[in-house]
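Read through the structure below, which is laid out as structure tokens, and then see the notes.
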Amino acid sequence: MSALWDILASAGLWAAVLRIATPLIFATLGALLCERAGVLNLGIEGIMTFGAMIGWFAVWNGADLWTGLFVACLSGMVFGLLHAGLTVTLGLSQHVSGLGVTLFASSFSYYLFRLLVPVEGTPPKIIPFQPLHIPGLSDLPWLGQALFTQTAPTWVAIVLAIVMALALFRTPLGLAIRMTGENPHAAEAQGINPMVMRYGAVIFGSGLMAAGGAFLTLSAFDSFIPTMIQGRGWIGIALVVFASWRPGRALAGALLFAFFDAFQLRLQTVIGGAVPYQLFLMTPFILSILALALMARRARVPQALMQPYRRGER
Amino acid sequence: MSETVLDISQVSKRFGATLANDAISLSLERGEIIALLGENGAGKTTLMSMLFGHYTPDSGHISVMGRLLPPGRPRAAIRAGIGMVHQHFSLAPNLSVLENVMTGTESLWRPWSDKAKARARLMEISARFGLKVVPEARLGDLSVGEQQRVEILKALYNDAKILVLDEPTAVLTNLEAEHMFATLKDMARQGLSIIFISHKLDEVMNTADRVVVLRGGRVVAERRAMETSKAELAGLMVGRAVTRPLREAATPGVVVLEAKAVTLREAGVERLKAVDFHLREGEVLGIIGVSGNGQASLARLVGGLARRSAGEMTLFGRPIGDMSVREVVEAGIGRIPEDRTHDGVIGEMAIWENAVLERLPEFTRRGLVDRKAGMDFARRIIDGFDVRGGTPASRIRLLSGGNMQKLILGRNLIEHPKILIAAQPARGLDEGAVAAVHARILEARRAGTAVLLISEDLDEVMALADRIQAIVGGRLSPPVSPERVDARHLGLMMAGEWAREREGAANAV
């Protein structure tokens, strides 16, 4: 029992929670924005992989870290444009198109990586984002170690969640996006172009997904491995439901999942001998499913989610 | 003082081979209420869709307050002061009333929504026209009548001077409809101009100043409401004199279904409270009542979809337990559900599949569905019941409401059921289809079928039923004979005032 307390009391755990949560926050916010406009974006896993690759590659080629992050965003937007073209303009199945984008983007990033980076025994490294020292706060005993040793993109992610919550619920544009996700015909009848709303949300949301992927190669680690996204995109899709399509709750959900993950990592070292480590790896996912089952019962799905919009058709 | 606010001039629109609107002209004055009357498919909705910019007319033009309206631009129509209340509301159930109303009213690039100001404006309009709403309520939690109120408010919020309502009463109960029309008249007095689309003669006569009749995409007549009659309008609308069939006298046979003190509890609520009724061969029992008083539960009970919690039922003289839907079908009980698109048919499936679905075992051979027999069966229904607009293989969704209902009727009546449960069989149908449906029900009665007719339409019940019972709050009144009561009397029964009638038991049959 005291071992558990030791884990909870260690500043390292809480620092890890924020670090693990960051890519999830970006990814979940991106998926949430798409879905609020009525488009499910299952391209998320592939877009994150590509973002991780291209962001890292830009920095490895001499760009600075922020430029790398920006390049990743742009690449995500291009994939978003592709997904929007298929689902919004052509009205194809959002599931199929999304999975297609994921398959394509994942394979394409590995292909490009192999093409552009010489094969070596250990993958080449870059110098990633360094923890941001916040005067005063970072020097606090324990708390400084636990909460204020993050890199800049983590703070960007947290601010972004708040900004998105305000944008969706307090601005005319946010209302227009939500109306498009609920009833695009009603939006059109009020003079809003649902096509434009959906394109915008998917492109911008996909950019965020790619930024989440790039965080892994530019901040959490320092090299690119093709399988490094490891289902984080799918977790993001589930977190959107868990969050009932609300950015604030998405932030909380990402932090909760990250907590489970960080906790099980440390638990392995304490009682790892007695139990196969795969069981520990499972726990965050099982707990997420439980939390999802509890939360999703009350969730109010955007009514037009996954429904293609065609003008004049009811 | 007359001032023309809307002028539609020589507007035509063609969809493929059909000319939906053929050189239609129409003008509307300030403070006037026009009814656009016509059967389904007459081109009413097409015309209004062009007015609102959903479609672009092939020729002709529309001007509002003397200014030409650019075609095909909903936003321009809103700006010009046209407000549209669609039959299927353009609302988002997950958003609040206020959010639904204010969507698109502020510039999208404004950094902040002024909800307080919007709310004040909504409340001001709501008070002016007596349209009560709670701005913070989630739209999906409201009743259909309240949602329509929001839809009207949305149009008024956009400064509509001309309000267009597409079949506004199709989804409302009688009481809600009365309220709505009272509100419309009040709006017209306050200077709004109103066009409403309808095929119901009563509401047209009661509400409109002027009636424009459309048939086959053309304006066939224009009448002042004061100077015309229901009979004339019905004739103009259909193009020939339509008379609803009347039931002839007949002697009912033996009792086929009897319920004694049956109580039905659904989701913890007592929907039926100790009801007594019986059905006899060759007789129509009419159940009248404002919807939501237990009619739907009654239909579910007899149709095998609900289990009674107390009471006795006998079928063909034998006591019965709870019956499954399969047993109900096999016992020869035909069912016409209240909501045909929801419970009656599966829109994406073919007509023949919909025709055989409830009697699948009969159309199964060696474990496979006998497609050919099913197609033949559907063909027989289509021919026998005059179902137009589809072949056995076409999707049933493509049929109009009237033809869909004829198919459902045919599916039930073709095998001469012993009992027919008809819930709101003519709801939402145009005059021609109503007459056809009524004729079929009377034909079944003549053939000895016992009919349980559940309806809100007093005219319908008076015309078809041999005995009438009212349902109020899950209780059934004692039966009365339609010959001995008038509409006023039935109205009182629907309000639950039948206790007094018991003294004068002379009316009872």
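For the numbers below, each heavy atom of this structure counts, side chains included, while hydrogens, waters and symmetry mates do not. Lettering follows sequence order; numbering is per chain, from 1.
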Practice item. Could you check which of B/G104, B/G140, B/A76 has the highest count of heavy-atom pairs closer than 4.5 Å to chain A? Key: B/G104

Exercise for review: Using non-hydrogen atoms and a 4.5 Å limit, figure out which bit of B/I78 sits close to chain A: side chain, backbone, both or neither.
Suggested key: side chain

Exercise for review: Could you pull out the closest heavy-atom pair between A/Q303 and B/P93, with the gap in Å?
Suggested key: CG-CG, 3.7 Å

Review point. In terms of heavy-atom proximity below 4.5 Å to chain A, should B/R79 be classed as side chain, backbone, both, or neither?
Key: neither

Check your understanding: Counting heavy atoms not belonging to B/F129, are there more than 12 under 6.0 Å from its CZ?
Key -> yes

Practice item. Side chain from CB out, backbone as N, CA, C, O: work out which of these in B/S107 comes under 4.5 Å of a heavy atom of chain A, or both, or neither. Key: backbone

Review point. Out of curiosity, B/L95 CG to A/R300 CZ, how far, rounded to the nearest 0.5 Å?
Key: 11.0 Å

Exercise for review: Mark yes or no for whether A/N183, through its side chain, and B/S90, through its backbone, hold a donor-acceptor pair below 3.5 Å.
Suggested key: no

Exercise for review: For chain A, find its close neighbours in residues 151-168 of chain B: heavy-atom separation under 4.5 Å, sorted by number, or none.
Suggested key: B/K154, B/N158

Practice item. Examine whether an atom of B/M84 lies under 4.5 Å from a heavy atom of chain A, and if so say whether it belongs to the side chain, the backbone or both; otherwise answer neither. Key: neither

Check your understanding: Looking at B/K115, B/E99, B/E106, which one has more heavy-atom pairs under 4.5 Å with chain A than the rest?
Key -> B/E99

Review point. Any side-chain heavy-atom pair from A/M197 and B/L108 closer than 4.5 angstrom?
Key: yes

Exercise for review: Using a heavy-atom cutoff of under 4.5 Å, enumerate the residues of residues 166-179 of chain A that contact chain B, numbered in order, or state 'none'.
Suggested key: A/L166, A/F169, A/R170, A/T171, A/P172, A/L173, A/L175, A/A176, A/R178, A/M179

Practice item. Taking atom CZ of B/F52 as the centre, report whether more than 12 heavy atoms of other residues, nucleotides or ligands fall under 6.0 Å from it. Key: yes

Exercise for review: Look only at the side chain of B/N94 and the backbone of A/V301, and say whether a donor-acceptor pair between them is shorter than 3.5 Å.
Suggested key: yes

**Study point:** Student check: side-chain heavy atoms of A/H185 and B/H86 closer than 4.5 Å
**Key:** no

Practice item. Assess whether atom CH2 of B/W112 is packed by more than 12 heavy atoms of other residues, nucleotides or ligands within 6.0 Å. Key: yes

